[in-house]
Structures are given as C-alpha cells and as structure tokens.
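Working notes, beginning with the structure itself.
Computed from a predicted structure; not experimentally measured.
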Amino acid sequence: ATECRGFRPRADMAVPTVEGGVAPLSSSVINDAPDLLRRVRPGSLQAASPALSLEVRAALKVRRLSEAVREELSREESDLEPVELARAEELGLRIRGAGFARAA
C-alpha cells in the first residue's frame, strides 16, 4: 500500500513492534536510542520492528526516538512518580551506607 501514489499514513495505522505485536503509528518510533527508551514512561511509546524496510519506515514517517522525545530534568518533586521517588530515596540510603563507602 505504501507504494501507491497518493499514499498518506494515518496516526491509527498498525505498525509491527519489536515485541511481536502492533501499535498505532502515532506511538511507534524507531529505537535509535535504547537507553532513552528505557527511561520513557512504559506504554507511551513502542519500538517499531527492525524488520520494516527503510522504504516502509519512510513512507509511514515513523519517527526516530531521539527526535520524538525531549529529555529534561524535572523541576518539581510533584512531577515525579512515586516509583521514581522511592528509587531515589533507596539510592540515597545505599550511598550513605557503610558498604558503599568501603567499596568506594
């Protein structure tokens, strides 16, 4: 279908994902930054299958992850999810612990 003249991708088109499922084009990205994808809120973006040819990716206008996401520090504690706060507190306790100090 992408080879037809006048083809226009729609946000609700299904795109194969690396997990073997499909996701809407609007939430599909080419995973050109795996470390960044791990920091994105789960379920908000899906990595498109690398089996998609470059031609199909271009015709669908699948965004690259590094272009679709802008990373910035949170200014407010209220912007953080409870899980993030718990991890930060746990890390702080480990750093202050005697075991960490001996290992350093």
Side-chain angles (χ1 to χ4, degrees):
T2 59
E3 296 173 358
C4 298
R5 285 177 42 188
F7 172 80
R8 289 188 181 164
R10 292 187 329 267
D12 63 343
M13 288 181 154
V15 174
T17 66
V18 295
E19 291 85 19
V22 294
L25 177 59
S26 61
S27 65
S28 298
V29 293
I30 297 168
N31 188 7
D32 64 337
D35 290 337
L36 180 57
L37 186 61
R38 284 191 286 273
R39 295 191 303 267
V40 173
R41 182 171 287 122
S44 59
L45 293 175
Q46 299 293 321
S49 172
L52 290 175
S53 69
L54 294 174
E55 293 81 15
V56 170
R57 291 180 192 182
L60 291 175
K61 299 180 182 171
V62 180
R63 303 168 296 162
R64 293 190 314 163
L65 176 63
S66 61
E67 295 171 348
V69 172
R70 192 178 95 206
E71 193 172 21
E72 61 184 42
L73 295 174
S74 175
R75 296 175 192 248
E76 303 272 335
E77 188 173 301
S78 63
D79 290 343
L80 299 175
E81 293 184 9
V83 173
E84 294 169 327
L85 289 174
R87 286 184 188 156
E89 289 171 3
E90 177 187 336
L91 180 60
L93 291 173
R94 281 195 298 167
I95 289 173
R96 288 187 212 106
F100 183 83
R102 280 193 298 271

CG of Leu60 to CD1 of Ile30: how many Å apart, nearest 0.5 Å? 9.5 Å
Who pairs with Arg8 by side-chain contact (heavy atoms from CB on, under 4.5 Å), at least two apart in sequence or on another chain? none
Is there a side-chain contact between Arg57 and Pro50 (heavy atoms, below 4.5 Å)? yes
Pairs of donor and acceptor atoms involving the side chains of residues 10-24, under 3.5 Å and at least two apart or interchain, shall be tabulated with distances.
from, atom 1, to, atom 2, distance (Å)
Arg10, NE, Asp12, OD1, 3.2
Thr17, OG1, Glu19, N, 3.4
Thr17, OG1, Glu19, OE1, 3.4
Thr17, OG1, Gly21, N, 3.2
Thr17, OG1, Gly21, O, 3.4

Test of understanding: with side-chain hydrogen bond (donor to acceptor under 3.5 Å, both in side chains), list the residues that count as partners of Ser44, not counting sequence neighbours. none
Partners passing side-chain contact (heavy atoms from CB on, under 4.5 Å) against Pro34 (at least two apart in sequence or in another chain): Asn31, Arg38
Any chain of hydrophobic side-chain contacts (each under 4.5 Å) joining Phe7 to Val56? yes
Residue pairs meeting salt bridge (Lys or Arg N to Asp or Glu O under 4.0 Å), one or both in residues 22-32, sequence neighbours left out, come to Asp32-Arg64
Heavy-atom closest pair (Ser28 atom, Arg63 atom, distance to 0.1 Å) is O-NH2, 4.1 Å
Please give me the minimum heavy-atom distance between Pro9 and Ala59, naming the atom from each residue. CG-O, 3.6 Å
Does Leu45 sit in a hydrophobic cluster with other residues, and if so which ones, taking ILVMFWY side chains as linked at heavy-atom separations under 4.5 Å, directly or through other members? Val29, Leu36, Leu37, Val40, Leu65, Val69
